[in-house]
Each structure stands twice: as C-alpha cells, then as structure tokens.
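Let me begin by presenting the structure, written as structure tokens, before commenting on it.
Letters A, B, ... mirror the listed sequences (proteins, then strands); counts begin at 1.
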Number of protein chains: 2
Amino acid sequence: MDEPAEQDARIDWPGGAIFRPVRTGNAFEEAIERILQAIKLGIFAHGDRLPAERDLAVRLNISRDTLREALRSLQQAGCVESRRGRYGGTFVTYRLPAPNLSDLRRAAEDLGAELEDALTYRLVLETGASERAAKRDLTDDQRAYLERRLADLEAAPADAYRQCDSRFHLAIAELTGSNSLAGSIAETRMRLNDLLNAIPMIGRNIEHASHQHQAIVRAILTQDAEAARRVTEEHLEATAALLRGFLG
Amino acid sequence: MDEPAEQDARIDWPGGAIFRPVRTGNAFEEAIERILQAIKLGIFAHGDRLPAERDLAVRLNISRDTLREALRSLQQAGCVESRRGRYGGTFVTYRLPAPNLSDLRRAAEDLGAELEDALTYRLVLETGASERAAKRDLTDDQRAYLERRLADLEAAPADAYRQCDSRFHLAIAELTGSNSLAGSIAETRMRLNDLLNAIPMIGRNIEHASHQHQAIVRAILTQDAEAARRVTEEHLEATAALLRGFLG
DNA sequence: CGCCAATGGACTGATTCTGGTCCATTGGAC
DNA sequence: GTCCAATGGACCAGAATCAGTCCATTGGCG
C-alpha cells in the first residue's frame, strides 16, 4: 500500500530473516541432537556423567518425560548408559568413529547450501568473540581456564583432538561474557562438527593449528584485540579451506 | 571421572552454552512476538499486508491454528486487522507510540542482565556483517538495494526513523548471504528494539549517525572491509553509550 | 452475471508435550 | 544395620499443538 515498488528490490520477500521457524520440529529429537552434540563436542568425555534428568530437563526447557524419551533413544544407540541409585546417573559410552571421507561427503550433502552459511556465520562469531575476549579484563580464574584448555588441546591424543579443539574455542566464547554469543558459537560448531570430525588429521595441519591456538591465547591474554581477531580469522579460514578442498 | 578437578575451573557448569532451552515456552506467544517485532522493526509499515496465514504458518513452522490464535491476540490488541476474500488479508494498524523515558527504564529492567549480553552480541554480529558484506562481490541489484535503504533512512520522517534504521542495518545483514547471520541480527535488534525506540531522538545524534551510515555504505560498496568494520563499531558503540547514558 | 481463485474462519481427531505423582534402586552416613 | 538422599523408571490426566477438511467472503475476469 505504501511503497509497492519496493517489494521488487527486496532480496527474497518481506520478513525473510524474521519469519524463520519459531521452533524446531520436535522437542525430543532436538534434545537427542543437543546431547549427542555435547558429547561429540567433547563437553562430556567417555565415562563422564551427564547432569541428572531432573536438572537437564529444566536446562533444556522440556519435560522430564520428553528428555527421558531422548535418553532412551541414546541408550538404545549405545551412546549412554544409565545407573540407578544415589551416585547413579547417565554416563557417556560413546566413542568417536574413525574419520571417513564418504562420511564427509554425506555430511556435506546434509548441510547443502547451509555449508557456506555456517562457515560465514562461524567466522563472524568466532573472530568477534576473540576480539571481545581480548578487550575484557579477565580474572585470574578465567585466564587459568583458558590456558588449561590450551594445554589440554596441546596434550590431546589424536582421537580426542577435535573434542579438545571445540572445548578450547568454546572457552574463548565463554570469556566474552555474552551467553548469546557463546550459545551461537556452540550451535554453529555443532552444525559443522560432523564435517570437521570427518576430516583426516594431518600432522602438518595440526602443528600449524597449534601455533595459531597459542597465538590466539597470547593475544587474548595480552589484550591485543586486533591480533586476536586476525589470527582467529586465519585459523578458521585454514579449516574452511581444508574442508572445501576435501569437498571440491 | 576423568578430571574432576577441572569442574571447579569451569565458568558455570558443564554444557553451559549447549544445554540452553530447546524451545521457548510457548509457540503462539513466540509467534505474537515475532510478528509484533517485525512490525516494530519496520518490515511492515502501517497499512501493509502481512503474508497470508497459510504462508506465514509455514514460514514460522507452526500450525495455522496456532498462528491464527496469535493473530487473534494481535487483532484484539489493535495491532492488525483482517479482511476476508480475495485481495483480503491481515493488515497492520499498529502505530509507534511516542518515546518515553519511563518506558525505557521498564524495558531495560525487563532485559536485566541480558542488556550487556545483547549489546556485546550485537556488536560482534553487526561489525562482522559489515566486514563480510564489504568483502563480497555484490550484484548491481544488491548495491541498489543497499543504497535504496540508505536513501529511505535519510529521508525518513522522525516517527519512522527507527524502523528505517532497522531496515537499513538488516539490509547489510542480508548482503552477507548468510541467513543464520541475518537471522541473529534481526533477533538481536528485536531484543533491543524496545529500548532503542524509547530513546528520544536528538538532532545532533541523528546527524552523526547519518554520516556513519553513509560511511558504512561507502566502505561496503568500495569493498573496504576494514573501514566498514571500524565505522560500524563506532556507530554501534555510540548507540550503546547513549543507551547506557539514559539508564545510568 | 456467474465463475473462480485467494483469502480468512471454524471445527475435529490425532499426536506431542507437560506437570505431577509415586515407585525402585543404590551407596554413603550415622 | 538402618536410614536417607539422590537418582533413574514408570504412569497418567490434561494442555498445547498439529494436520486436515470444509465453509464464508470477496473482488476481478471472462
């Protein structure tokens, strides 16, 4: 009514970015995905105990019944196992499968056009997070936490490398103090995680990445925001290039 | 079991960023919020027609029944009105209320600790978006789209300024080509929108912002990514400072 | 004028999710 | 040895949501 001609100039149609899904299709499938990704991201290692059902249900904002349904599926898939009684709980039994190129291609197809979307999004989020983290005055605990994550990553055996890598980068996200930012970074890592897990790890790449990780930590701890941003960008672009290389 | 001592060093507790709510409490309330914010953001002006119920329901991934419940609420609140028949639809009748300082404080209290979270998140997202947009090779249509948004903003009457401002910044987000990024920016704008709407508009600020908007567009169109990032950061920090000033 | 397509309006049965309650099991504390 | 608190296990009534169907209204087109 006001400016009908404008409609033509719009990228897709009114509200393109606003009118996206209010919720994902299914609460219990989403819960499965979250838990599984938390495990794949290395937040819970083999043998770790997940939070109690009652707590986890509150965190995920779903009913305990729905959560239990999800846990039952994970149990049947052999990813977790439950023990009753005090000091019982649900324990992680999942182990990372070996990287596999056909898995990579399949995972890439699942993502489809979302791949570039996710890579761009990740770049923006993580470079921004590094910069923000470098600009904050960190407490000694926070500094120690970051260095611990880096040390864990440096010492990680090959089969735990990617998980430690995720925990390292999530630690940086947490240091920004923005829950929204940390949440989005975690979510985007999840989206890309299957792909990253499927990339064979080459010594030369790991060594290169290791230098970059150290440089990022150094930049954050010395509050050199510009360097933190730049090195993070290089680091992520290297991974993205590797990924595109294996796919193209 | 693996490293119990580590738990102490964690920022909050395992999975802090991962185990966030799977879904917001309520589909129809969420739908109301989305539509209302789309209107407040200026995506639909007074008199505009919203997408047809059947389309909108698909976009929001909710059933048409739930959407209709939301629209009924908006109708009762006097924000929209519906007309049947071909060339009918649901039309926006909402008008922006005048800015009001007590509204500002109330809105700020609603956000609470989320305020700094949202400001940080917005800064990361939007500076990143400007940089990415500047690094892309834009089509003529896209360049024209961006310039159109800027021109609209420059010409905007006071009561439509904030809406045009949102549309301008959302346009930049769309130019990144990352739907996730554009979606997050829209969402964060929504979270802050009530606050921004409540800030009285001062001529000097508008003039300053206008220069920055022009500089951002110039930087994007000349593919000067570094400048795009820097000016966007200055621009957002100015708004944030203004906001903190009114609140502190 | 009559048809038709696009739209909002309304109903219904099935499905999912919730919130609550109670039970079963376990290992430590006393 | 007994008790107890924390945990998983199970069930249910009701609410929310969905998918599908059909109706009512409207304005343009032939």
Side-chain angles (χ1 to χ4, degrees), chain A residues 1 4 7 13-15 19 21-35 44 47-93, chain B residues 1 4 7 13-15 19 21-35 44 47-93:
Chain A
M1 174 182 275
Q7 307 283 338
W13 66 277
F19 291 148
V22 155
R23 49 176 48 183
T24 57
N26 185 284
F28 110 91
E29 282 178 5
E30 186 70 12
I32 291 180
E33 199 60 22
R34 286 280 175 86
I35 298 166
F44 298 95
D48 279 359
R49 206 196 74 171
L50 297 180
E53 290 179 353
R54 291 168 176 81
D55 292 341
L56 196 46
V58 170
R59 295 281 299 226
L60 294 174
N61 198 29
I62 58 180
S63 72
R64 199 182 147 211
D65 240 22
T66 305
L67 172 62
R68 279 181 57 68
E69 196 178 351
L71 288 175
R72 205 175 310 134
S73 295
L74 287 172
Q75 201 165 18
Q76 284 165 358
C79 300
V80 301
E81 69 184 17
S82 295
R83 290 201 291 277
R84 286 215 262 194
R86 188 165 187 175
Y87 306 105
T90 306
F91 298 84
V92 175
T93 57
Chain B
M1 176 180 278
Q7 307 286 337
W13 67 276
F19 291 147
V22 155
R23 49 176 47 185
T24 56
N26 187 285
F28 108 91
E29 282 178 4
E30 186 70 12
I32 290 179
E33 199 60 21
R34 285 281 177 84
I35 298 166
F44 297 96
D48 279 358
R49 205 195 75 172
L50 296 180
E53 289 179 355
R54 289 169 176 82
D55 293 340
L56 196 45
V58 170
R59 296 281 299 228
L60 294 173
N61 197 31
I62 57 181
S63 71
R64 197 180 149 215
D65 244 19
T66 306
L67 172 63
R68 280 180 56 69
E69 196 178 350
L71 288 176
R72 204 174 312 134
S73 296
L74 286 172
Q75 200 165 19
Q76 284 165 0
C79 300
V80 302
E81 68 184 18
S82 295
R83 291 201 290 277
R84 287 215 263 195
R86 189 164 189 176
Y87 307 103
T90 305
F91 297 83
V92 175
T93 56

Exercise. Can a side chain N or O of A:Thr90 be found less than 4.0 Å away from OP1 or OP2 on D:dG8?
Worked result: yes

Exercise. Should the pair A:Glu53-A:Arg68 be classified as a salt bridge under the 4.0 Å nitrogen-to-oxygen rule?
Worked result: yes

Seminar exercise, completed: When rounded to whole Å, the CG to C1' distance for the pair A:Leu56 and D:dG9 reads 16 Å

Exercise. Does A:Arg83 use its side chain to pair, donor to acceptor, with the backbone of A:Thr90 at less than 3.5 Å?
Worked result: no

Problem set entry | Quiz item: A:Arg86 side-chain donor-acceptor pair to D:dG8 base, under 3.5 Å | no

Exercise. In whole angstrom, what separates B:Arg54's CZ from C:dG8's P?
Worked result: 7 Å

Exercise. B:Tyr87 OH to C:dC4 P: how many Å, rounded?
Worked result: 16 Å

Problem set entry | Donor-acceptor contact present, side-chain B:Thr93 to main-chain B:Cys79, <3.5 Å | yes

For this session: Could you say whether B:Arg23 or B:Arg68 is positioned toward the 5' end of DNA chain C, judged by the nucleotide with the nearest heavy atom to each?
Result: B:Arg68

Exercise. Can a side chain N or O of A:Arg84 be found less than 4.0 Å away from OP1 or OP2 on C:dG27?
Worked result: no

For this session: Examine distances only and state if a side-chain atom of B:Asn61 and a backbone atom of A:Arg23 form a donor-acceptor pair shorter than 3.5 Å.
Result: yes

For this session: Report yes if a side-chain nitrogen or oxygen of B:Arg49 is closer than 4.0 Å to either non-bridging phosphate oxygen (OP1 or OP2) of C:dT7; otherwise report no.
Result: yes

Problem set entry | Value in whole Å for how far the C1' atom of D:dG8 lies from CZ of A:Phe91 | 11 Å

Exercise. Contact class for A:Leu71 vs. all strands (heavy atom < 4.0 Å): base, sugar-phosphate, or nothing?
Worked result: nothing

Exercise. Can you tell me how far C1' of C:dG20 sits from CD of A:Glu53, to the nearest Å?
Worked result: 15 Å

Exercise. Mapping A:Gly85 and A:Asp65 to their closest nucleotides on DNA chain D, which lands nearer the 5' end?
Worked result: A:Gly85

Exercise. Would you say the base of D:dG9 and the side-chain of A:Arg64 have a donor-acceptor pair closer than 3.5 Å?
Worked result: yes

Exercise. How close or far is atom C1' of D:dT7 from atom CG of A:Leu67, stated in whole angstroms?
Worked result: 13 Å

Exercise. In a check of side-chain contact (heavy atoms from CB on, under 4.5 Å) between B:Val22 and each of A:Ile62, A:Leu67, A:Thr66, which one passes?
Worked result: A:Ile62

Seminar exercise, completed: Rounded to whole Å, CD1 of A:Ile62 lies from C1' of C:dT16 at a distance of 12 Å

Problem set entry | Presence of A:Thr66 side-chain N/O under 4.0 Å of C:dT18 phosphate oxygens OP1/OP2 | yes

For this session: Quickly work out the A:Arg83 CZ to D:dG9 P distance and round it to whole Å.
Result: 12 Å

